[in-house]
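See below for the structure under consideration.
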Amino acid sequence: MRSGDPGGTAFAAANLPPMNAKSLSAARRATLHTVIDSFAPPDARSERVTQLAAEAIESLSPQRRAELELLLTLLALPMKLPPPQRARLLAWLADAPAVKLRSGFAALKRLTLFLSYAESEPGSENPTWARLGYPGPRRDRTVLERLPPLSSASEGETVEADVVVIGSGAGGGVAAAVFARAGKRVVVLEAGAAYAAQDFSQRELSIADLYLERGLAATKDVGVSILAGATLGGGTTVNWCTSFRLPQRIADEWGAQSGIPELGTELAPHYAAIEDELGIAPAPVHNANNAVIVDGAQALGLHAGAMPRNAAECGDGCGYCGFGCAYAKKRSTLRAYLPDVVARGGAIYAGARVERILLDQKRAAGVVALQTNGVGEARRFRVRAGIVICAAGALRTPGLLARSGIMHRLLGRRLFLHPVAGSMATFERPIEAWRGAMQTAFSDAYNYRDGNYGAKIEVAPTHPGLGALAIPWQSAATHAQAMDRTRSAATLIALTRDRDPGSISLDDEATIRYALSPFDAGHLLAGLVGLFDIAFAAGAVRAQTLHNRPIVIERAAWNAAKRAELEAAVRRIGVAPNRQILFSAHQMGTAPMSALAASGVVDPSGRVWGYDNLYVADTSAFPQSSGVNPMLTVMAMARRVATAAAGATLEVAHGTS
């Protein structure tokens, strides 16, 4: 466990670049500083932003770092031009015809503007915040939480266990608790660091400590920015608490797709048990951001609903739990399930990345892991176990299985992302999208447009850094003006259930390749237009897309003809990479479950085909995308897998099978 303020140092030890990573050259660093001066507002602390941006670039994978360094080399001469010419060049890059130029612009723009508005430390708050009316971290964080005792390995040690669980998030945490409650000695290995409630600083820079690839994960072309938890508790520590069951109509589709028609029925009791343990309930009130969905949908006579959540006690003053809940109210796996592991004789290792699974014929014998402490020291050790549960997440499970010698034509090949498009709607009243329970309302008015496919309308909590990286940049002045409006802006999103998948490579680079098909793009764009319907019906005075050249519409002009014009415009622009920013907070399907070995990596029980005691218990096993926030479903699936596996091992232990 760490204590103190992780946001104060920007990047925690678990996410630091390798010790042998070379620093940016002086020339590239100088170019980076000039780029930042061109992007950022005059009140940003450009020297500090340059330092943080350089550290972030140095931490990237070799391929991604090389691409950004090449761009900085190409920009060296243009960045010596006077400021107006530099700005025009950067604005041209935003919509350049070459995908790689747009990708490079997007990477630099998002990184530098995020840091410009997010960087801060205690006693030295970001100077842009006063201009925006952003209060920064709250001062009422008094919870002192004790984490379950954590274990530390010795170099060359072999740890004995009945079950080893790789990952501590929604799938791994639940599976670990099921086995522990069944009397098994469980060892949990989590690659990320561990934090208690008092360690969560409520500063956006803590994203670097809590998210995969320090929050910089993205598709190869940077067309989709990806948020995935990478800390003890995984995504359940940093997500927005939304706790949907898989809709029955999609469960039926999954059953048909996978050849496991009973899947939906079998998940029902596991959903019920988890909902009870997590205290799933709607929030008592909607903040102003979420109320836009309710007010707009009701004014139009459209569907609106209250989200079930695993943090029902959140009050109007919350809003920071995307950086970890500082009040210990969120029922993450860290709070609801992992304590059972240690209480029943097991062990949890944080900062422990599994390098490979040890296979012996048709069985898994354990794992090899590398544990890194807070000062960069690493110790390699083994865990020997009778059952291995892989729950490293849809972006890491495929590579781990492949490194371990498991081959399947679908491994890493069916990556679903739930691509999200957004809109910024400005009101004549404060919205403060950073304040209050983060997601509490939704609408299915634009969902199920073609069978089970469409877009679910939700909101995104928006703090200055996230707003800055999402808002289009055409000049430093226009971007700063847009940021000045964020206090009165609602941030609506259209979450698209994708039918057509991308892929992730199985090497250490873990390259994500993803392009929206025409089918999925049609639903995303229809949902984007729907955001304008709801925003204006709720009283917005203006709304805009997040295209590089944003489409801005005033309320006075909104009518059927203007709507048709907007619809035609977004379809004309299309979804080519980096024409507008897209996000993903849900990754699924890279080791799908199926009744047939030819069409799935894991069998109906969650076992990897061909292996007796190796299981997958994360979103990798989803046969298709879920269409809803997947946390509750992966928990139910993990509970189903672990309950059956624990029962089988108990039967063996008692000599009854």
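What you are looking at is a predicted structure, and each value in this text was computed from that prediction instead of being measured.
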Is there a donor in the side chain of Gln51 and an acceptor in the side chain of Glu47, or the other way round, less than 3.5 Å apart? no
Are any side-chain N or O atoms of His463 and backbone N or O atoms of Gly319, one a donor and one an acceptor, separated by less than 3.5 Å? yes
Output yes when Arg64 and Glu67 qualify as a salt bridge under the 4.0 Å nitrogen-oxygen rule, no when they do not. no
Output every pair passing side chain to side chain donor-acceptor pair (under 3.5 Å) with a member in residues 525-538, not counting sequence neighbours, ordered by first then second residue. Tyr446-Asp533, Asp533-Arg563
Under 3.5 Å, side chain of Arg102 to main-chain N/O of Pro577, donor-acceptor pair present? yes
Between Glu565 and Arg572, does at least one N-O distance fall below 4.0 Å, as a salt bridge requires? no
Would you compute the distance between atom CG of Leu74 and atom CG of Leu101 and round it to the nearest 0.5 angstrom? 8.5 Å
Between Thr619 and Gln587, is there a donor-acceptor pair closer than 3.5 Å when you use the side chain of the first and the backbone of the second? yes
Would you find a donor on one side and an acceptor on the other, under 3.5 Å apart, between the side chain of Thr34 and the backbone of Ala30? yes
Among all residues two or more places apart in sequence or in another chain, which pass the salt bridge (Lys or Arg N to Asp or Glu O under 4.0 Å) test with Glu119? Arg45, Arg48
More than 12 heavy atoms of other groups within 6.0 Å of Arg549 CZ: no
Do Gln580 and Val570 come close enough that some side-chain heavy atom pair is under 4.5 Å? no
Heavy-atom nearest pair, Phe105 first then Leu71, reads N-CD2, 4.2 Å
So that I can tick it off, tell me whether Glu509 and Arg65 are bridged by a salt bridge, with the cut-off set at under 4.0 angstrom between side-chain N and carboxylate O. no
With no hydrogens and no angle check, is any side-chain donor or acceptor of Arg86 less than 3.5 Å from a backbone partner on Leu81? yes
Looking only at atom types and distance, does a side-chain atom of Thr219 sit under 3.5 Å from a main-chain N or O of Ile512, one as donor and one as acceptor? no
Between Lys330 and Thr237, is there a donor-acceptor pair closer than 3.5 Å when you use the side chain of the first and the backbone of the second? yes
Going by distance alone, is a donor N or O of one side chain under 3.5 Å from an acceptor N or O of the other, for Ser59 and Arg214? yes
Could you tell me which residues satisfy ring pair (Phe, Tyr, Trp, His ring centres under 6.0 Å) with Phe244, sequence neighbours excluded, listed by chain and number? Phe442
Under 3.5 Å, side chain of Asp498 to main-chain N/O of Asp520, donor-acceptor pair present? no
What's the spacing between Asn629 CG and Leu495 CG if we round to 0.5 Å? 6.0 Å
So, does Arg141 use its side chain to make a donor-acceptor pair with the main chain of Phe200 at under 3.5 Å? yes
Main-chain N/O of Ala94 paired to Asn548 side chain as donor or acceptor, under 3.5 Å: yes
Side chains of Ser103 and Asp221: any donor to acceptor distance under 3.5 Å? no
Quick one: sort the Tyr134 and Tyr320 rings into parallel, tilted or perpendicular, breaks at 30° and 60°. tilted
Rounded distance [0.5 Å steps], CZ in Arg497 versus CZ in Phe416: 8.0 Å
Answer yes or no: is there a side-chain heavy-atom contact under 4.5 Å between Val222 and Arg110? yes
For His479 and Tyr117, take the angle between the two ring planes, folded into 0 to 90°, and tell me which bin it lands in: parallel under 30, tilted 30 to 60, perpendicular over 60. tilted
Atom CG in Asp199, atom CG in Asp209: separation rounded to 0.5 Å? 10.0 Å
